[in-house]
2 protein chains.
Amino acid sequence: MRRRSTLKEVAAALDLSVATVSRALGGYEDIAPQTRQRVAEKARELGYVPNTAGRMLVSGRSGFVGLVLPVRGPNFVDSFLGQFVTGLGEGFVAKGVDLMIATASPGQSELDVLKHLVHSGRADGVVLTRIAEEDERVKFLLEQRFPFVLHGRLSSDSAHYSWLDTSGEAAFAQAFQELYALGHRHFGLVTIEESMTFRRDRESGLQMAIAEADDPTVRLSVARSPRFDEESHRAAISELLEREDRPTAIIGLFDELALMVMRQAQELGLSIPEELSVVGFDDVPAASYSAPGLTTFDQATRESAREIADMLARLVGGEAQAPLSRLKVPRFIARGSHGPAPQGARPRIRQI
Amino acid sequence: MRRRSTLKEVAAALDLSVATVSRALGGYEDIAPQTRQRVAEKARELGYVPNTAGRMLVSGRSGFVGLVLPVRGPNFVDSFLGQFVTGLGEGFVAKGVDLMIATASPGQSELDVLKHLVHSGRADGVVLTRIAEEDERVKFLLEQRFPFVLHGRLSSDSAHYSWLDTSGEAAFAQAFQELYALGHRHFGLVTIEESMTFRRDRESGLQMAIAEADDPTVRLSVARSPRFDEESHRAAISELLEREDRPTAIIGLFDELALMVMRQAQELGLSIPEELSVVGFDDVPAASYSAPGLTTFDQATRESAREIADMLARLVGGEAQAPLSRLKVPRFIARGSHGPAPQGARPRIRQI
DNA sequence: CGTGACTTCTAAAACGTTTTAGAAAATGTG
DNA sequence: CACATTTTCTAAAACGTTTTAGAAGTCACG
């Protein structure tokens, strides 16, 4: 591997001191214009690029910002991550910051990874996703006074740190309203048990909208999948679909669940949306390829990530001080999986 | 932000020299066991973590490996990236290497990003995806003798560098054979114009399988989408579907194309797989949610990425020398989108 | 006790950069 | 010309680590 040229070499080639070269390149005022010119030329000629390590050492900054990857089951697929990383990359590059991805090794917790990241000085800031309701990572970062931005937010304390969130409340309230207006009165919700903030927000948005409707005929049946795997989800969904009084509209906490609802409903011979309306959240690519297309909400992940990057870069660079925050409203994407509530007697499950 | 403790502080607390502390922590033989013990304890007590910049400077290594993100259109979605990044993360963490993501800023080429990465010493190695047939990035890296691993491979030279590839030839040959065995004789291929190596491999796999069948009744109709956007794809597919002698089986260069074929065919009133068989490549999540499920090939992206990470870490760490390479065979995933060729007269496009 | 051979430790240099404090040179002023 | 001022440059220190070369101490042995 070819060695790269250093400040010393540029200085030697011009018979100047390294200090002068450094300051010339840094655009300082006390360097004669002519000298600055010469230095710039020679630096280009020699292909000089400042060495990162040298800079890091003296500045105390790494120029990196970390993303701690959530620990994932072996078969977990996730359209979110690619978009998120792309957006972060775009946002950071505009600020001259680089993105590093920190992964937990087997047996290591996300918190361990975070601690190492903070203490080793490999990053100047960090972005966290999938926030739990009592998130120890947030506590740690606050203690350390280490810059961070959350994708999501805690219920308490949200004034003390920076975050960007997509309002799950607003979305699920809207989902309810759209379906209510179409005549639905018995709602199903397929959700998870993990205490993630996004779960809490979406669920409470739905609850509040129901309360607000103030209609005693409205009912909500909730199916909770205890573990984060397909089998567990499938069982929870079956429970909801096969009960005697099946809801006429089912909302999935996220698209994967909604898509599974559609698939399982179709396996039972139900036609969507005539006999069952389904709504999801996220707008994953699969949502537009399913038949019928899944009605859902667009999080604009990539754009959010870009904004998060921008916020964090400003925090790290000292451009912004106090906590920054931003709440986005997801966009309703009406496709074919929802429609008017079935009339009259509840259709029975057809035999196939 | 709390300052982290340094070697000097640990040394002072024990009344030892920094050298001794460094060597004790490094497990050198010429440190008395008792001293080693004391140092280890004190280091733990003070929460000492070696500073990255200091290490980088003296070792000449950054401990980072880069992934240069392909430049993407604003609406490009890509289930590949998330899996790939996850796999790389998993692979690198096992080797004590960190992953950095380098993104091109607007107007910058991937090659520029790569050059900066190499010259700034921010990374010790790099992984490249989406290899073009004449890839200038590969040329540059070879010139620089900078360690890298390709996801994919060039046709020429493949002995001179390291790569991991999933055999597109094998997959497309198999796709042909499966469909041929089901009676199909007129094949359609929806592909792109860009000169990517994966395109060339898959296309030539198909051609070779056709040649090998040595059956004069076999025909292949190719539709090439000139640009990488949905509109262009749609037009290419329409051309294939609406021609007088429509193929009975259409293969998409990748799943997105195959899924679009399915959707457009269904819009034309064709039933799949009775009137048209469709096969894709990649096994994106949407492939399992479409109706019918898309028959495709599984690349095992995450696992491949893990292997790539392992290869590159070995190259960077000096464990492995010469070029490493590995060719994987994708797994055929038979779902519902392919079946026996329609009998007798070619069914006409139904009016809807 | 003197010598050599170990064992255990350390001073100092090196990595490449930025910054501080001040030197040297050029210019202006009386 | 002498002095002050301004402009332009530089030596040296600092960041935190690893490594090299060697010092100091200990021990065994004749």
Side-chain angles (χ1 to χ4, degrees), chain A residues 1-40 42-43 46-64 96 118-124, chain B residues 1-40 42-43 46-64 96 118-124 317-318:
Chain A
M1 189 165 50
R2 229 193 56 193
R3 225 182 40 74
R4 304 170 260 276
S5 57
T6 73
L7 217 43
K8 194 150 76 172
E9 288 167 11
V10 178
L14 291 164
D15 202 26
L16 288 171
S17 72
V18 287
T20 306
V21 175
S22 174
R23 321 199 86 227
L25 259 20
Y28 279 64
E29 277 311 314
D30 66 346
I31 302 293
Q34 196 222 0
T35 311
R36 229 182 305 184
Q37 178 78 25
R38 283 174 59 218
V39 170
K42 184 61 85 178
L46 297 181
Y48 169 75
V49 178
N51 173 287
T52 310
R55 279 208 162 151
M56 278 169 72
L57 200 50
V58 64
S59 71
R61 294 254 199 79
S62 70
F64 280 105
V118 170
H119 289 140
S120 68
R122 284 181 99 67
D124 309 325
Chain B
M1 188 166 50
R2 231 193 54 194
R3 223 181 42 72
R4 305 170 261 275
S5 56
T6 73
L7 218 43
K8 194 150 74 174
E9 288 166 11
V10 178
L14 291 165
D15 202 25
L16 287 171
S17 72
V18 287
T20 305
V21 175
S22 174
R23 318 199 89 224
L25 259 19
Y28 278 65
E29 277 311 313
D30 65 348
I31 302 291
Q34 196 222 0
T35 311
R36 231 186 300 188
Q37 177 78 24
R38 284 174 59 220
V39 170
K42 185 60 84 179
L46 297 181
Y48 169 74
V49 178
N51 173 288
T52 309
R55 280 208 160 151
M56 277 170 71
L57 200 49
V58 65
S59 71
R61 294 254 198 79
S62 69
F64 280 106
V118 170
H119 288 140
S120 68
R122 283 181 100 67
D124 308 326

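Letters A, B, ... are given to chains in the order of the sequence lines, protein chains preceding strands, and every chain is numbered from 1.
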Problem - Estimated bend of the helix from C:dC1-D:dG30 to C:dG30-D:dC1 (axis per five terminal pairs, rounded to 10 degrees) - result: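 Terminal axis comparison yields 70°.
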Please write out the pairs of protein N or O atoms and N or O atoms of nucleotides 6-9 of chain C separated by less than 3.5 Å, giving the distance to one decimal.
{"from": "C:dC9", "atom 1": "OP1", "to": "B:T35", "atom 2": "OG1", "distance (Å)": "2.8"}
{"from": "C:dC9", "atom 1": "OP2", "to": "B:A32", "atom 2": "N", "distance (Å)": "2.8"}
{"from": "C:dC9", "atom 1": "OP2", "to": "B:T35", "atom 2": "OG1", "distance (Å)": "3.1"}
{"from": "C:dC9", "atom 1": "N4", "to": "B:D30", "atom 2": "OD2", "distance (Å)": "2.8"}

List for me each residue that meets side-chain hydrogen bond (donor to acceptor under 3.5 Å, both in side chains) alongside [X], sequence neighbours excluded, and say none if there are none.
{"X": "B:S120", "value": "none"}
{"X": "A:T20", "value": "A:S17"}
{"X": "B:R23", "value": "B:D30"}
{"X": "A:S59", "value": "none"}

Practice task
Not counting sequence neighbours, list each pair that qualifies as a salt bridge (charged side-chain N to carboxylate O under 4.0 Å, His left out) and has a residue in residues 10-19 of chain B.
Solution key: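 Every pair satisfying salt bridge (charged side-chain N to carboxylate O under 4.0 Å, His left out) with a residue in residues 10-19 of chain B: there are none.
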Handout entry: salt bridge (charged side-chain N to carboxylate O under 4.0 Å, His left out) contacts in which one or both residues fall within residues 47-61 of chain B, not counting sequence neighbours
Key =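 Applying salt bridge (charged side-chain N to carboxylate O under 4.0 Å, His left out) to every pair that reaches into residues 47-61 of chain B, excluding sequence neighbours, yields nothing.
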Spacing between [X] atom [atom1] and [N] atom [atom2], to the nearest angstrom:
{"X": "A:Q37", "N": "D:dC9", "atom1": "CD", "atom2": "P", "value": "13 Å"}
{"X": "A:R122", "N": "D:dG16", "atom1": "CZ", "atom2": "P", "value": "17 Å"}
{"X": "B:R61", "N": "C:dG16", "atom1": "CZ", "atom2": "P", "value": "15 Å"}
{"X": "B:E9", "N": "D:dC15", "atom1": "CD", "atom2": "P", "value": "10 Å"}
{"X": "B:L46", "N": "D:dG16", "atom1": "CG", "atom2": "P", "value": "14 Å"}
{"X": "B:K8", "N": "C:dA12", "atom1": "NZ", "atom2": "C1'", "value": "14 Å"}
{"X": "B:H119", "N": "C:dT17", "atom1": "NE2", "atom2": "P", "value": "14 Å"}

Practice task
For residues B:N51 and B:T6, determine if any side-chain heavy atom of one lies less than 4.5 Å from a side-chain heavy atom of the other.
Solution key: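 No. Closest side-chain heavy atoms not under 4.5 Å.
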Handout entry: Side-chain heavy-atom pair A:L25, A:Y48 within 4.5 angstrom cut-off
Key =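 Side chain of A:L25 against side chain of A:Y48, heavy atoms only: contact under 4.5 Å found.
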Practice task
Considering just the side-chain nitrogens and oxygens of B:Y28, establish if one lies under 4.0 Å of OP1 or OP2 belonging to C:dT10.
Solution key: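 No.
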Practice task
Using only side-chain N and O atoms of A:S59, determine if any of them is under 4.0 Å from OP1 or OP2 of C:dT18.
Solution key: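 For C:dT18, neither OP1 nor OP2 has a side-chain N or O of A:S59 closer than 4.0 Å.
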Which nucleotide in the list [options] gets nearest to the side chain of [X]?
{"X": "B:L57", "options": "D:dT17, D:dT10, D:dG16", "answer": "D:dG16"}
{"X": "B:T6", "options": "D:dA14, D:dT18, D:dT17", "answer": "D:dT17"}
{"X": "B:N51", "options": "D:dT10, D:dG16, D:dT19", "answer": "D:dG16"}

Practice task
Take B:R122 and A:F64 through the test side-chain contact (heavy atoms from CB on, under 4.5 Å) and record every step on the way to the result.
Solution key: CA-CA 10 Å; B:R122 283 181 100 67; A:F64 280 105; 3.8 Å; yes
Exercise for the section: With DNA chain C as reference, determine whether A:R55 or B:V21 sits nearer its 5' end, using the nearest nucleotide of each. Expected result: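 Looking at DNA chain C, the more 5' nearest nucleotide goes with B:V21.
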Problem - Given DNA chain D, 5'-ward residue of the pair A:D15 and B:A53, judged by closest heavy atom - result: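 Nearest-nucleotide comparison on DNA chain D picks A:D15.
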Sort me out a list of protein N/O and nucleotides 25-27 of chain D N/O pairs below 3.5 Å, or just none if empty.
none

Exercise for the section: Evaluate the side-chain contact (heavy atoms from CB on, under 4.5 Å) criterion for residues B:V10 and B:L16: first the C-alpha distance (whole Å), next the side-chain angles of each, then the deciding distance (0.1 Å), finally the verdict. Expected result: CA-CA 8 Å; B:V10 178; B:L16 287 171; over 6 Å; no
Practice task
With sequence neighbours left out, write down each residue that passes salt bridge (Lys or Arg N to Asp or Glu O under 4.0 Å) with B:R36, or none if nothing qualifies.
Solution key: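 If we apply the salt bridge (Lys or Arg N to Asp or Glu O under 4.0 Å) test to B:R36, skipping adjacent residues, there are no hits.
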Practice task
Check A:K8 against A:V18 and note the closest heavy-atom contact, atom names and distance.
Solution key: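 Between these two residues, the closest heavy atoms are CA-CG1, 3.6 Å.
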